[in-house]
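To start, the structure under review is shown below, and the notes come after it.
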Number of protein chains: 2
Amino acid sequence: MTKIGDVAALAKVSAATVSRVLSRDPNMRVSAATRERVMEAVRELNYVPSHAGRALRTATARAIGLVVPDVTSAVFAELAAGAAQTAVDRGLTLVLAGAEQLASDPDWVARALGEGRVDGLVVQLPDAASTHMVDDLARHAGEVILINSVDDGPIDTVTLDDRAGITAAVDHLVALGHREVGFVGGIEGSATGGRRRDAFLTRLADHRLAVPGRDAPAQWITAFGYSGPEGREAATRLLSGGPRPTAIVVANLNAALGVLAEIHQAGLRVPADISLVALHDVWYADALWPPLTTVRMPLRPLGAAAVEILLDGGRSRPTHRVIDEPPVVIVRDSTAPPSSRSGRLSAAR
Amino acid sequence: MTKIGDVAALAKVSAATVSRVLSRDPNMRVSAATRERVMEAVRELNYVPSHAGRALRTATARAIGLVVPDVTSAVFAELAAGAAQTAVDRGLTLVLAGAEQLASDPDWVARALGEGRVDGLVVQLPDAASTHMVDDLARHAGEVILINSVDDGPIDTVTLDDRAGITAAVDHLVALGHREVGFVGGIEGSATGGRRRDAFLTRLADHRLAVPGRDAPAQWITAFGYSGPEGREAATRLLSGGPRPTAIVVANLNAALGVLAEIHQAGLRVPADISLVALHDVWYADALWPPLTTVRMPLRPLGAAAVEILLDGGRSRPTHRVIDEPPVVIVRDSTAPPSSRSGRLSAAR
DNA sequence: CTGAAAGCGCTAACAT
DNA sequence: ATGTTAGCGCTTTCAG
C-alpha cells in the first residue's frame with residue numbers, strides 16, 4: 001500500500017502538508033499550488049489513507065454501528081437508509097449488525113465499543129429484549145442511542161409516534177364505518193407493544209367502540225409478537241369461534257402476512273368479510289393479495305435522527321426525542337366498508 | 001480506555017507478555033502463573049485491545065465485508081448467516097453493506113480495501129451489474145470473491161447450482177402432470193438470469209415439452225428481473241391474451257410475489273387454474289396465499305464457502321467453486337396437477 | 001520464559 | 001505556509 005510519505009516525496013512536500021491537504025480543514029492554510037501538487041500525487045499513486053493509522057492517532061473510528069433485531073425485515077430498510085444517508089453526509093462509515101450477538105453475548109457492546117471499531121451504536125432492541133440488555137447498554141450511555149424501543153432512562157432515545165400510527169389506522173377503519181375492530185399486537189410487556197396496544201384501546205374508547213375484554217370478546221386483542229408466524233397464531237386465536245370483528249389492526253407488517261394467510265385459510269375474504277390495516281409500509285405490501293392498506297411511519301427520519309443525536313452527544317442529560325412527522329395511511333385494497341352482514345357482535349347479544 | 005500498559009503494570013509484567021498471553025498463539029510460551037496473573041488483570045480492568053493499534057501493527061483488520069444488492073431481501077438472510085458463522089469461527093468481524101455505493105461510486109472498492117477497514121470483500125453483484133463493475137473488482141482479485149454472479153474470469157467465485165434448482169422445479173411440475181410451463185426469469189444478459197433460463201429451456205426439451213417461441217407462445221418466457229414489481233410485469237405479459245400455461249416457474253422468490261398478485265388480479269386461482277413454483281425459500285413463503293411451493297437452495301453453505309475461499313486466498317489461479325449440495329423442493333400449496341380444463345395449447349392449434 | 005526497544009501510518013504541536 | 005518532531009497502542013524481533 002502506498003503511504004503518506006510516498007505522496008509527500010512525489011509532491012516534494014512533508015507528510016504533514018499532505019495530511020493538511022487531505023484533511024480539508026478550512027483553517028489549515030495551504031497554498032493553492034502546493035495543494036494542487038499534492039492532489040496530483042494522490043491521484044497518481046492512488047493513495048488512500050490508512051484507517052488504522054488515522055484511527056490510532058485520532059482515537060476515533062469515524063464509523064458507527066447500526067444494530068437491528070432482524071436485518072432482513074423490510075421495515076428496517078428505510079430506517080437504515082435514513083441512518084446511512086446521515087452517516088455519509090457526516091463522512092462516517094455505517095456498519096450493520098444483527099442483534100443476535102447482542103442478545104447472546106453480554107459484553108458484546110463493551111467489546112464493540114472498547115475495540116474502537118465504531119465510535120457509537122444505534123441500537124434497536126429486539127421486541128423481547130431483556131432488562132439486562134438495557135442495563136448493559138446503559139453502562140455505555142453517550143455512545144449508544146436506542147431507537148423505537150424504550151423511551152426513557154439514562155440512554156439517549158428516539159422513537160416513532162406509535163400512538164399516532166395506531167390512531168390513524170383506527171380512524172381509517174372508523175371512517176369506513178367499522179365499529180368492531182380487533183388488534184394483533186406485539187408481545188406482552190415490550191415497549192412498542194405496550195404503546196401500540198394502549199393507543200388502540202384509547203382510540204376505541206374515543207370513538208365509543210366496543211372494547212375487547214369488556215363489550216367485545218377478549219380474544220379480539222392479541223399479543224403474540226411481530227413475526228409472520230406469530231401473526232398467524234394471533235389470527236387463529238382471534239378468529240376462533242364466537243363473533244368476529246369486521247376489521248383488524250395489525251401492529252406490524254410482518255405479522256400481517258401471517259394474519260392474511262390465516263384469514264385465507266379460514267375461507268374468509270379480505271376485505272369483503274374482514275378489513276385489514278397494518279402498521280409500517282414495505283415494498284411488497286402491494287404485491288400481496290389483496291394489496292395491503294398500511295400506515296406509513298417516518299422511518300427514514302427516525303434513522304437520520306438517531307445518527308444525529310448520537311453524533312451531537314455530550315449533553316449532561318439524556319435526550320428522548322419523538323419523531324413527530326405524521327404517519328400516513330396508504331389505502332390499498334385490504335380495507336373497505338363493513339359488509340351488510342356485519343353487526344355480528346350486536347346480533348350475538 | 002484502559003490500555004495494554006495498564007494491564008502490564010497491574011500484572012507486574014511487560015506489555016509484551018500481556019500481548020503474548022492475549023494472542024493465544026501456542027508457540028508463545030508463557031508460564032501458567034504469569035498467564036493467570038495477566039488474565040486476572042485483564043478481567044479486573046475490563047481490558048479490550050484497541051483495534052486501531054493492533055491493525056496498524058499487523059496490517060490486517062480481521063474483518064471482511066459482505067456486499068449484497070439488497071440487504072433486506074429475505075433470500076439474503078441465510079447467505080449472511082452462513083458467512084457470519086464462518087467469519088465468527090475464524091475470529092473475524094463481518095461487516096454488511098448494500099451494493100448501492102458499489103454501483104454509484106467507481107472506486108468504492110479501492111477505498112474500502114485501501115483504507116484497510118476490511119481485509120476482503122464478499123460481493124454479490126446486482127442483477128444488472130455493468131461490466132465495468134466487474135473490471136473494478138478484478139483489479140483487486142485475491143481480496144474479493146464474487147458470489148452467485150459471474151462464474152469465470154480472474155476473480156475468485158462461488159456459485160449456486162442454479163441449473164439444478166430450475167431443473168428440480170420443472171421436474172416437480174412435470175411429475176404433477178404439467179406439460180405447458182411458463183418461465184419468469186431474471187433480466188436479459190445477467191449471469192444468473194442466463195443460467196436459469198438455459199436450464200429451463202434444456203429441461204423442457206429433455207421432457208419433450210412445448211418450448212416457448214417454438215411450439216408455445218413466446219411470451220411464456222419473460223425476462224424482466226427478480227424484483228416484485230418486475231415479476232408482476234412479467235406475469236402481466238405472460239398472461240396477456242392467447243393460451244396460458246398450466247404452470248409457471250419463477251426464477252426468484254421476490255418476483256413470485258408480484259406474479260402471485262397479478263394472477264389474483266386476473267381472477268385466476270392458484271393452483272386450480274395455474275401452478276406456481278419459485279426458486280429460493282424464505283420464511284414468509286408459507287405466510288403467502290396460497291403458501292408457495294419453492295426450491296430451497298443451499299444459501300448458507302454458499303455464504304460459508306465464500307468466506308472460506310476468501311480467507312484461504314493466495315493461490316496462483318482463481319478458484320471457481322460451485323456449491324453442489326442438491327436443491328430441495330419444498331412442496332406447499334401453490335402447485336397441483338393441472339386441472340382437466342388444461343390442454344389449452346393443443347386445443348388452440 | 002520474559003523484557004526492552006523499535007516502528008506500523010498518521011496527525012497535532014510546535015517551530016520556522 | 002510549511003517542515004520537524006513526537007507519540008497514539010500494539011506486536012515483534014532481539015537479548016537475556
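Only a predicted model underlies this, so the values are computations on that prediction, with no experimental measurement involved. Hydrogens, waters and symmetry mates are skipped; everything else that's a heavy atom, side chains included, is used. Every chain is numbered from 1, with letters handed out A, B, ... down the list of sequences.
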Got a donor-acceptor contact below 3.5 angstrom from the D161(B) side chain to the D324(B) backbone? no
Has R57(B) got a side-chain N or O lying under 4.0 Å from the OP1 or OP2 atom of dG7(C)? no
From CZ of R62(B) over to C1' of dT11(D), roughly how many Å is that when rounded to an integer? 14 Å
Side chains of F76(A) and V71(A), heavy atoms from C-beta outward: is any pair under 4.5 Å? yes
It should be established whether T34(B) places a side-chain nitrogen or oxygen under 4.0 Å from OP1 or OP2 of nucleotide dT2(C). yes
For the residue pair T192(B) and Y226(B), confirm or rule out a side-chain donor-acceptor distance under 3.5 Å. yes
Ignoring hydrogens and angles, tell me if any N or O in the side chain of D312(A) forms a donor-acceptor pair with the backbone of I309(A) under 3.5 Å. no
Using atom types as modelled and distance alone, determine if a side-chain donor or acceptor of D119(A) lies under 3.5 Å from a backbone N or O of R62(A). yes
Counting any heavy atom closer than 4.0 Å, what does A16(B) reach on the DNA or RNA strands: base, sugar-phosphate only, or nothing? base
Under 3.5 Å, is there a donor on one side chain and an acceptor on the other for D127(A) and S190(A)? yes
Within residues 17-25 of chain B, find the residues that approach DNA chain C with a heavy atom at under 4.0 Å, and present them sorted by residue number. T17(B), R20(B)
Side-chain atoms of V13(A) come closest, of dG9(C), dG3(D), dT11(D), to dG3(D)
Please classify the nucleic acid contact of R54(A) as base, sugar-phosphate, or nothing, using heavy-atom distances under 4.0 Å. sugar-phosphate
Roughly how many Å is it from NZ in K12(B) to P in dG3(C), rounded to a whole number? 12 Å
Note: R43(A)-E36(A) ion pair, threshold 4.0 Å (strictly below): yes
Between CG of L56(B) and P of dC10(D) the distance, given in whole Å, is 11 Å
Using the side-chain heavy atoms of T58(B), tell me which of these nucleotides is nearest: dT12(D), dC10(D), dT11(C). dT12(D)
Closer than 4.0 Å, any side-chain N/O of S50(B) to the OP1 or OP2 of dG9(D)? no
Among dC10(D), dT11(D), dA1(D), find the nucleotide with the atom closest to the side chain of K3(B). dC10(D)
